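The structure presented is a predicted model; accordingly, all values stated were derived computationally and were not measured. Chain letters run A, B, ... following the sequence lines, proteins first and then strands; every chain starts at 1.
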Protein chains: 2
Amino acid sequence: MDRVKTEFNDLCITEGSKMDKRKNVDQNEDEGRKFISKNLEAERKRRKKLSDRQLELRSLVPIITNMTKATIITDAITYIEDLKKTVEELTDQLQQMETTCADEEKTNSEEEDIKKWGTITPEVQVNHISGTKLWIKIVFQKKRGSLTKLMEAINVLGFDLTDTSITTSRGAILITSSAEFAENFHGGLPDADQIKKFLLEIIRSF
Amino acid sequence: MDRVKTEFNDLCITEGSKMDKRKNVDQNEDEGRKFISKNLEAERKRRKKLSDRQLELRSLVPIITNMTKATIITDAITYIEDLKKTVEELTDQLQQMETTCADEEKTNSEEEDIKKWGTITPEVQVNHISGTKLWIKIVFQKKRGSLTKLMEAINVLGFDLTDTSITTSRGAILITSSAEFAENFHGGLPDADQIKKFLLEIIRSF
DNA sequence: CCGAACACGTGAAAC
DNA sequence: TGTTTCACGTGTTCG
């Protein structure tokens, strides 16, 4: 693959088109005399250095379409562009990841803040969703049998809890639930505010 | 900064050291005649192309220590190395992120597997921990009022649930809880296996 | 003046 | 064959 080193070290005499601009010509002889340019070796060195650099660059680039000098640079360019692109994509993904995980940790910390309150202020939220469906959130300080009593009370109200989540921590209980009003229950659907007051009364009675 | 374009388009005649290896020399004249090499323009074009490539490469690299050709390539090399490094770091970070988040998602997927069973096989686990403390795990298919009834049953047994976690999903209920036997309850502490059978009976009665 | 960097034209080899 | 790519030596410019 490597080209044969040309051993062409013949002389080269330049001739000006109009004026004789020659500087390093041997004044004594017009005849072909051996003359070496001053910067011959320097130029050789420079060329070698440049060649080495290009070789090094080529070794870094994974895909090489052609060994030629121009294509080496082209491949390097495309490679750099690819790398830039991947870096962008990765940073985007990582940022998304961080934001999502940050949200989760945020809720966690919020919960922990609630836990650290020590004594919980009772809280009841009742939201009417649609038809016989309600969304309930209850927070209260746990006591002996309080959860069972609350369940009984809810059952007395004529509700059934669906998709319930109950979290207890350090003596506090947080309940969020979708509640559905039992159709076969006697009496009409109570008002959301009524339910709220009723539940709050029960919790406070604990 | 740009070097002045040398308008040196003078002719160049090469002279062999011993033998005359000239090929394209005008045979009629030994005197300096205008002679153009065949691939003169081609070479010019090639050089221009190469120069353009290098210019393009230089435009991509952000930090440039020197305008010289060799340093351009060197800077490109260091830039590529930096990009590689950042890509590695980012992939590592992202992998860590994914693994940590994967754990959370794993539990989720496990739950989802449970959800997909469609019909749940009732399951009760009761483990004696210490003294009056038990650990209970209950899985069963939800029905109207089943949760309340279970709570009542547990209350009847003389237990209070502490640190309870109730998860409901697609009609299935999973309860894990630390249960404490009420001291003031009449009768002795039942056997764990007895409790288990009792709870299982209740669940099956739903 | 010297060293570094460059564009140039050229011959030769490779495809 | 011709086209392309390369290394070479050189003149020139700039610091």
Side-chain angles (χ1 to χ4, degrees), chain A residues 1-27 29-30 32-58 64-76, chain B residues 1-27 29-58 61 64-76:
Chain A
M1 192 60 75
D2 279 336
R3 278 170 194 279
V4 181
K5 256 195 131 182
T6 64
E7 291 296 345
F8 173 65
N9 287 342
D10 300 341
L11 313 179
C12 184
I13 297 179
T14 63
E15 184 175 5
S17 54
K18 297 171 184 176
M19 287 287 293
D20 193 357
K21 302 172 186 171
R22 288 176 296 178
K23 285 187 177 178
N24 297 321
V25 70
D26 192 30
Q27 302 286 4
E29 295 287 351
D30 285 4
R33 296 296 298 142
K34 297 203 174 183
F35 158 71
I36 50 172
S37 183
K38 293 178 181 177
N39 59 343
L40 202 161
E41 280 196 49
E43 180 67 12
R44 280 181 183 166
K45 212 171 184 178
R46 172 180 167 269
R47 269 201 295 267
K48 175 166 171 49
K49 187 165 69 178
L50 226 161
S51 180
D52 288 351
R53 301 283 190 200
Q54 290 194 346
L55 211 73
E56 194 179 345
L57 177 62
R58 189 193 60 176
I64 297 179
T65 59
N66 199 358
M67 280 295 234
T68 184
K69 289 197 172 186
T71 51
I72 286 177
I73 298 185
T74 306
D75 293 344
Chain B
M1 190 62 78
D2 278 337
R3 277 171 193 279
V4 181
K5 258 195 128 181
T6 64
E7 291 296 344
F8 174 64
N9 288 342
D10 301 341
L11 313 179
C12 185
I13 298 178
T14 62
E15 184 175 7
S17 54
K18 298 170 184 176
M19 286 287 292
D20 193 355
K21 303 173 188 173
R22 288 177 295 179
K23 286 187 175 176
N24 297 322
V25 71
D26 192 42
Q27 302 286 4
E29 294 287 351
D30 285 5
E31 187 189 343
R33 294 299 297 143
K34 297 203 173 183
F35 157 70
I36 50 170
S37 183
K38 291 178 180 176
N39 59 340
L40 202 161
E41 280 199 49
E43 180 67 12
R44 282 180 182 166
K45 210 169 184 179
R46 170 181 168 270
R47 269 201 295 265
K48 176 166 171 48
K49 187 165 68 179
L50 226 161
S51 181
D52 288 350
R53 303 282 190 198
Q54 290 193 346
L55 211 75
E56 193 178 345
L57 177 61
R58 189 192 61 175
V61 178
I64 296 180
T65 59
N66 198 357
M67 278 297 233
T68 184
K69 289 199 172 186
T71 50
I72 286 178
I73 298 186
T74 305
D75 293 344

Participant: I'd like to check I73(B) versus L50(A) (side-chain heavy atoms, cut-off strictly below 4.5 Å). Are they in contact?
Facilitator: yes

Participant: Sort by first number and list every stem of DNA chain D: at least 3 consecutive Watson-Crick or G-U wobble pairs, both distances under 3.5 Å.
Facilitator: C:2-15 with D:2-15

Participant: What integer distance in Å separates L50(A):CG from dC6(D):P?
Facilitator: 12 Å

Participant: Are any side-chain N or O atoms of D75(A) and backbone N or O atoms of R58(A), one a donor and one an acceptor, separated by less than 3.5 Å?
Facilitator: no

Participant: Counting only side-chain N and O atoms of T68(B), is one of them less than 4.0 Å from OP1 or OP2 of dC6(C)?
Facilitator: yes

Participant: Hey, does the side chain of R44(A) come within less than 4.0 Å of dA7(D)'s phosphate (OP1/OP2), counting only N and O?
Facilitator: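 It does not, given that no N or O in the side chain of R44(A) lies less than 4.0 Å from OP1 or OP2 of dA7(D).
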
Participant: In whole angstroms, how far is the C1' atom of dG3(C) from the NZ atom of K49(A)?
Facilitator: 11 Å

Participant: Starting at NZ of K45(A) and ending at P of dA7(D), how long is that distance when rounded to a whole Å?
Facilitator: 19 Å

Participant: NZ/K49(A) to CZ/R46(A) distance, rounded to the nearest 0.5 angstrom?
Facilitator: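 It comes to 9.0 Å.
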
Participant: Check if the side chain of E43(A) and the base of dC8(D) share a donor-acceptor pair of N or O atoms closer than 3.5 Å.
Facilitator: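 Counting by modelled atom types and ignoring angles, no donor-acceptor contact under 3.5 Å is found here.
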
Participant: Could you tell me how far apart K69(B) (NZ) and dA5(C) (C1') are, to the nearest whole angstrom?
Facilitator: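 Checked: the NZ to C1' distance equals 10 Å.
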
Participant: Would you say R47(A) reaches dA5(C)'s phosphate, i.e. side-chain N/O to OP1/OP2 under 4.0 Å?
Facilitator: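 No, outside the criterion.
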
Participant: Identify the two heavy atoms, one from T71(B) and one from T65(B), that lie closest to each other, and give their separation to 0.1 Å.
Facilitator: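 Scanning both residues completely, I find the closest heavy atoms to be CB-OG1, 4.1 Å.
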
Participant: Would one find a side-chain N or O of K38(B) under 4.0 angstrom from OP1 or OP2 of dT10(C)?
Facilitator: no

Participant: Which whole-number value in Å describes the distance from R46(B) CZ to dG11(C) C1'?
Facilitator: 13 Å

Participant: Tell me the interatomic distance from E41(A), atom CD, to dC2(C), atom P, rounded to whole angstroms.
Facilitator: 16 Å

Participant: Just N and O in the side chain of K48(A): are any of them under 4.0 Å from OP1 or OP2 of dA7(D)?
Facilitator: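 Negative; the distance criterion is not met.
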
Participant: If I compare all heavy atoms of V61(B) with all of A76(B), which pair ends up nearest, and what's the gap?
Facilitator: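 Heavy atoms only, the tightest pair is CG2-CA, 3.6 Å.
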
Participant: Is there side-chain contact between Q54(A) and Q54(B), with at least one heavy-atom pair below 4.5 Å?
Facilitator: yes

Participant: Please determine whether a side-chain nitrogen of the Lys or Arg among E41(A) and K45(A) lies less than 4.0 Å from a carboxylate oxygen of the Asp or Glu.
Facilitator: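 Here E41(A) does not pair with K45(A) in a salt bridge, since their nearest N and O are not under 4.0 Å apart.
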
Participant: Where each residue is assigned the nucleotide of DNA chain C containing its nearest heavy atom, which of N39(B) and T71(B) is assigned the position nearer the 5′ end?
Facilitator: T71(B)

